[in-house]
Amino acid sequence: MGHLRRWVPLILILCILIPLSSSRSTLTPEELALVATSFLNLAKTPEVSEYMVRIRRRLHEYPELGFEEFETSKLIRAALDEMGIRYKHPLAVTGIVGYIGTGKPPFVALRADMDALAMEETVEWEHKSKVSGKMHACGHDAHVAMLLGAAKMLQGRRHELQGTVVLVFQPAEEGGGGAKIMMEDGALENVSVIFGVHVTARYPIGTVVSRPGPILAASGFFEAVISGKGGHAAIPQHAVDPIVAASSAIVSLQHLISREADPLDSQVVTVAKFEGGGAYNVIPDSVTIGGTFRAFSKESLYQLTRRIEEVIRRQASVHRCNASVSFDAKPFYPVTENDRYLHQHFLNVAEDMLGASKILDMKPLMGSEDFSFYSEVIPGYFYYVGMKNETLGVYEPGHSPHFRVNEDVLSYGAAVQASLAARYILEHHHEDEAVKEVPQDEL
């Protein structure tokens, strides 16, 4: 009986997908609903769930920063080779794009980011980071494991797919703009839509969270060097104090939000870096300040860019200092905006898999995501999958040295991703026939 239960999910999927080879062009709502539940059942089997846990723990032990994910990339390519999935590599230094299906439209992309953060892990457990000063503190190890889990399930049904699932393993999400470079290297060639998932400790396990329209803000970073004339702190009249000038500039920057921005147009300017001086009684020659700014429109973001530079330069001038302002340390991120048609597609899949009560609406956040580079050029959809389980203790939010992943989330994330792609292909495989097939020798 145990063996029979193990094969039930596979039988269900076959029952759904086999009719696609017939003359029918559409499936009933009941048949479409079974796609989602079958993938979740399959994702929870030991064969798939334990596979994802092993992948995730291996990645967690050996985290790598943006554009340095060479061993991570090697592990992913070995997994794809083992599954017989063809792929292109490298894109954006360490990135990989895999292909499952016919090589013909519709092309549906699923994205996972690969990079870790520069911080020391404080969680004591068997698979703690073995690399000093580096940690998977945002769940990207889980994202990779989920995409490989989804790939494992989809590859098992590749002969029934009447389209192509594109697996996008992307470097450098954490401020490096890896998505932009992946696109420049051709990651989205022929792709019609793209889906991205992120784990979250804010919501319970078994839930998914998203919204249509803007979901995450556009963002930029700035750095300014304010130069004066150093001197002894006891005789400030003989110096030109850049600390006072920088302090005045920081206070004035806050007025951009309180006095100039529309209260109904959410914007943020935060100075999070202030470096200058090394002694209690010496006024330094210069100080460096830096920070980030966020907005929910491109127009507001570029208005902030212009005014940040003006305010810093003029406040420095008032205090007899000079200032240089730069915005090129990191790329600007666009607004992450969810396509409204794909939102309905997401709701259909999630309700069939989890039930309507497990779909939670979220308010827009001022955080940013380089998934926005994808959704700026093709229809995209970004959502969160919950992993909070209070019986297992407190789960800290991302970018914390105490961050943990509830590994039960892997099955949910993999199942939703696989279902979003498979069902989209089921519903759209008769469209876009003019798009060329991807030549096998290119892969």
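Not measured: the values here are computed from a predicted model.
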Report task. Give me the ring orientation class for Tyr341 and His345: parallel if the planes are under 30° apart, tilted from 30 to 60°, perpendicular past 60°. Result ->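 The rings of Tyr341 and His345 lie parallel, inter-plane angle below 30°.
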Requested in this report: Describe, in one word, how the ring planes of Phe222 and Phe293 are oriented to each other, choosing from parallel (under 30°), tilted (30 to 60°) and perpendicular (over 60°).
Outcome: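 If you compare the ring of Phe222 with that of Phe293, the planes turn out tilted.
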Got a second to check how far [X]'s [atom1] is from [Y]'s [atom2], nearest 0.5 Å?
{"X": "Ser375", "Y": "Asp370", "atom1": "OG", "atom2": "CG", "answer": "10.0 Å"}
{"X": "Ile226", "Y": "Arg313", "atom1": "CD1", "atom2": "CZ", "answer": "10.5 Å"}
{"X": "Leu91", "Y": "Phe169", "atom1": "CG", "atom2": "CZ", "answer": "12.5 Å"}
{"X": "Phe107", "Y": "Ile378", "atom1": "CZ", "atom2": "CD1", "answer": "12.0 Å"}
{"X": "Leu75", "Y": "Arg58", "atom1": "CG", "atom2": "CZ", "answer": "7.0 Å"}
{"X": "Arg423", "Y": "His428", "atom1": "CZ", "atom2": "NE2", "answer": "10.0 Å"}

Requested in this report: Would you sort out whether Tyr383 and Leu342 count as a side-chain contact (heavy atoms from CB on, under 4.5 Å), showing the intermediate values?
Outcome: CA-CA 11 Å; Tyr383 65 97; Leu342 293 183; over 6 Å; no
Testing the 3.5 Å rule here: is there a donor-acceptor pair between the side chains of [X] and [Y]?
{"X": "Ser73", "Y": "Thr94", "result": "no"}
{"X": "His402", "Y": "Glu396", "result": "no"}
{"X": "Tyr395", "Y": "Asn389", "result": "no"}
{"X": "Asp265", "Y": "Ser300", "result": "yes"}
{"X": "Tyr381", "Y": "His343", "result": "yes"}
{"X": "Asp115", "Y": "His140", "result": "yes"}
{"X": "Glu376", "Y": "Tyr333", "result": "no"}
{"X": "Glu121", "Y": "His136", "result": "no"}

N/O donor-acceptor pair under 3.5 Å between [X] side chain and [Y] backbone:
{"X": "Ser210", "Y": "Phe382", "result": "yes"}
{"X": "Arg294", "Y": "Met366", "result": "yes"}
{"X": "Arg320", "Y": "Val240", "result": "no"}
{"X": "Thr270", "Y": "Gly291", "result": "no"}

Around atom [atom1] of [X], are there more than 12 heavy atoms from other residues, nucleotides or ligands closer than 6.0 Å?
{"X": "Lys358", "atom1": "NZ", "answer": "no"}
{"X": "Arg306", "atom1": "CZ", "answer": "yes"}
{"X": "Arg202", "atom1": "CZ", "answer": "no"}
{"X": "Lys134", "atom1": "NZ", "answer": "yes"}
{"X": "Lys128", "atom1": "NZ", "answer": "yes"}
{"X": "Phe70", "atom1": "CZ", "answer": "yes"}

Report task. Using the side-chain contact (heavy atoms from CB on, under 4.5 Å) rule, take Ile359 and Leu347 through it: C-alpha gap first, then chi angles, then the decisive distance, then the call. Result -> CA-CA 8 Å; Ile359 305 170; Leu347 293 179; 3.7 Å; yes
Is the closest side-chain heavy-atom distance between [X] and [Y] below 4.5 Å?
{"X": "Pro364", "Y": "Ile215", "answer": "no"}
{"X": "Pro401", "Y": "Glu120", "answer": "no"}
{"X": "Leu188", "Y": "Ile194", "answer": "yes"}
{"X": "Val144", "Y": "Ile76", "answer": "yes"}
{"X": "Cys138", "Y": "Asp113", "answer": "no"}
{"X": "Glu69", "Y": "Pro171", "answer": "yes"}
{"X": "Gln417", "Y": "Met153", "answer": "no"}
{"X": "Arg56", "Y": "Val405", "answer": "yes"}

Minimum heavy-atom separation for [X] and [Y], please, with both atom names.
{"X": "Ala142", "Y": "Val199", "answer": "CB-CG1, 4.3 Å"}
{"X": "Leu161", "Y": "Thr102", "answer": "O-CG2, 3.2 Å"}
{"X": "Leu80", "Y": "Leu148", "answer": "CD2-CD2, 4.0 Å"}

Query - Row check, Tyr51 ring normal vs Lys152 NZ/CZ: under 6.0 Å, within 45° - result: yes
Query - Steps toward side-chain contact (heavy atoms from CB on, under 4.5 Å) verdict (Ile85, Leu167) - result: CA-CA 10 Å; Ile85 296 174; Leu167 312 170; 4.2 Å; yes
Query raised in the report: For Ser286 and Ser227, what are the C-alpha separation, side-chain angles and deciding distance, and is it a side-chain hydrogen bond (donor to acceptor under 3.5 Å, both in side chains)?
Result: CA-CA 4 Å; Ser286 66; Ser227 302; 4.9 Å; no
Requested in this report: Verify whether the ring centers belonging to Phe332 and Phe373 lie closer than 6.0 Å.
Outcome: no
Query - Charged N-O contact under 4.0 Å between Arg111 and Glu369 - result: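 A salt bridge is present here (some side-chain N lies under 4.0 Å from a carboxylate O).
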**Report entry** Salt bridge flag under 4.0 Å for residues Glu223 and Lys273
**Finding:**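 The answer is yes: the pair qualifies as a salt bridge.
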Report task. Pick out which of Tyr384, Tyr203, Phe371 makes a ring pair (Phe, Tyr, Trp, His ring centres under 6.0 Å) with His198. Result ->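 It is Tyr384; the other options fail the test.
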**Report entry** side-chain contact (heavy atoms from CB on, under 4.5 Å) between Thr207 and Leu354, worked out
**Finding:** CA-CA 7 Å; Thr207 62; Leu354 306 170; over 6 Å; no
